[in-house]
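First the proteins, then the strands, lettered A, B, ... as listed; each starts at 1.
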Number of protein chains: 2
Amino acid sequence: MDEEQGVIQAENVGAKVYQRLRLDLMRSRFRPGEKLKLRDLAAGLGVSPTPVREALARLVSENGLQQLDHRSVRVPVLTEARCREILELRAELEGRAAARAAEHSGPAGAEMLLAIHERMMAAVRERRLDDLLAENERFHMTLCGLARQPVLLRIIEGLWLQCGPLQAGLTQIRMKHPRDQHPHLEVIRGLREGDPSLARLAVQRDVSLYGDELLRRLPQLNGPLSAEAPA
Amino acid sequence: MDEEQGVIQAENVGAKVYQRLRLDLMRSRFRPGEKLKLRDLAAGLGVSPTPVREALARLVSENGLQQLDHRSVRVPVLTEARCREILELRAELEGRAAARAAEHSGPAGAEMLLAIHERMMAAVRERRLDDLLAENERFHMTLCGLARQPVLLRIIEGLWLQCGPLQAGLTQIRMKHPRDQHPHLEVIRGLREGDPSLARLAVQRDVSLYGDELLRRLPQLNGPLSAEAPA
DNA sequence: GGGTGGATTTTGTGATAACAAATATGACGA
DNA sequence: TCGTCATATTTGTTATCACAAAATCCACCC
């Protein structure tokens, strides 16, 4: 059940289901608008509805899922305003985390991030799109973890969770910057040189650059499924 | 079950229990370190353990409660570092919300806040300490609501939830600023005059002024109960 | 009298079952 | 052929139950 995603030290079934669904949402393994059915999920995971219900309740209260009509839940369909708000907050808060990371994480952190980034670029070259999304998520979460601010990290994870379903759009983006000027590399340089404001600006550039592209594609990312719902 | 706290439009029992516990935590109705027992809560609310368990799981995933040993949960006992982090983030994010509120909420918002603040001061004079805490919470949440940024509001609520148990310390603080220079009044002036940076600075002053006092008292706020746990 | 070992009780976990509401299905009639 | 109403199925909700692990208690022994 834990595949490649590192150790999950959840003991009870409810927490396991929660972490599994949460990570799947952050890595865009569900499509916006998709309705989640209790018994289907439970059967798929080989557990009873009770712990699944617990997991869904947790995700709803983090806005990782939307409560539809007091009965069913679905993967969020974001309005443009909400999506913009999330991206603004991500830029602000991930920037803050990156600056803090640059202050007191040595070059060790930079090397860790570089390894992740290179795995991500390999995934791009080889068209392994799921891995691309997973490595990108890992890059950002690792960076924010280096800030050693657990409350901030948790908030940022929550923001990723909320815009997770749209991250799939990243796989459609052909960015025009040359390979050796990817914002991630500037972030890494900021950490390596202990330059907080460089790190902050680079992260903000990454988020807003790709965020703007996602915003442009938002209708088509939501589209196929938001049309499916009312039909 | 809904007392004075405004309309709660939760339909299912689990959500009702969740909202009840959440608001009680934000308003410091529980003491740090207190262990929450499933069957006791259920009996007290006249429901079965199942929905209570759902509510507790939601609160744990928002860090409004701490998972003790993979079995029991307790009201958080905050370290100084964590408390400081929460207060820093509150200053930043509530400041951001206040600035946004000043930009596009007219004097109507200012009057609403003034009414809440005056109820709060009345509660101070008459030593109604629970009401003091409730009105203070209402002031901050109403202010942040005026920013019309639901994602940001939710994050700030989460931060209040996490430091809620410590807010009880506010009742012990005799602040030295004259009555007509309370930071809340400056916030209101910022809104009334449409001055975002005044509103931001005033909120930040409020949070850090009272936050510093709470930090000084943190050991004694945690103390009685964190001593209770190991004994 | 104090400490240790076992039994009892407490407490959380998760599956099942009973219920209710909503949705889907299908037949009948216009 | 299409709409409508009744029925059947699906689906979420919550209480109950069975179980396991932890904590408590009590007796017994040193």
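When the salt bridge (charged side-chain N to carboxylate O under 4.0 Å, His left out) test is applied to B:R58, no partner is found at least two apart in sequence or on another chain. Take A:A43 and apply the side chain to side chain contact (heavy atoms under 4.5 Å, CB included) test, not counting sequence neighbours, and it matches no residue. Qualifying ring-ring contact (aromatic ring centres under 6.0 Å, His included) partners for B:F139, counting only residues two or more places apart in sequence or in other chains: B:H184. Partners of B:Q204 by side-chain hydrogen bond (donor to acceptor under 3.5 Å, both in side chains), not counting sequence neighbours: none found. Checked against side-chain hydrogen bond (donor to acceptor under 3.5 Å, both in side chains), A:R216 has the following partners two or more places apart in sequence or in another chain: A:E213. With sequence neighbours excluded, the residues forming a side-chain hydrogen bond (donor to acceptor under 3.5 Å, both in side chains) with B:E80 are B:R84, listed by chain and number. Residues satisfying the salt bridge (charged side-chain N to carboxylate O under 4.0 Å, His left out) test with B:E157, not counting sequence neighbours, are B:R22, B:R154. In this structure, B:D212 has no salt bridge (charged side-chain N to carboxylate O under 4.0 Å, His left out) partners at least two apart in sequence or on a different chain.
For the side-chain contact (heavy atoms from CB on, under 4.5 Å) criterion with B:C83, the lone passing option out of B:L214, B:N222, B:L218 is B:L218.
For DNA chain D, the outermost nucleotides in 5' to 3' order that have an atom under 4.0 Å from a heavy atom of chain B are D:dT13 to D:dA22.
Across the protein-nucleic acid pair, B:L36 atom CG and C:dT10 atom P stand 19 Å apart, rounded to whole Å.
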If you restrict it to nitrogen or oxygen atoms, what contacts under 3.5 Å exist between nucleotides 18-24 of chain C and the protein, and what is each distance?
none

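Within residues 49-57 of chain A, the residues approached by DNA chain C to less than 4.0 Å at the level of any non-hydrogen atom are A:P49, A:T50, A:P51, in residue-number order.
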Anything under 3.5 Å between a donor and an acceptor, one on a side chain of residues 141-150 of chain B, the other on a protein residue two or more places apart or in another chain? List them.
unit_1 : atom_1 : unit_2 : atom_2 : d
B:T142 : OG1    : B:R138 : O      : 2.6
B:Q149 : OE1    : B:R100 : NH1    : 3.2

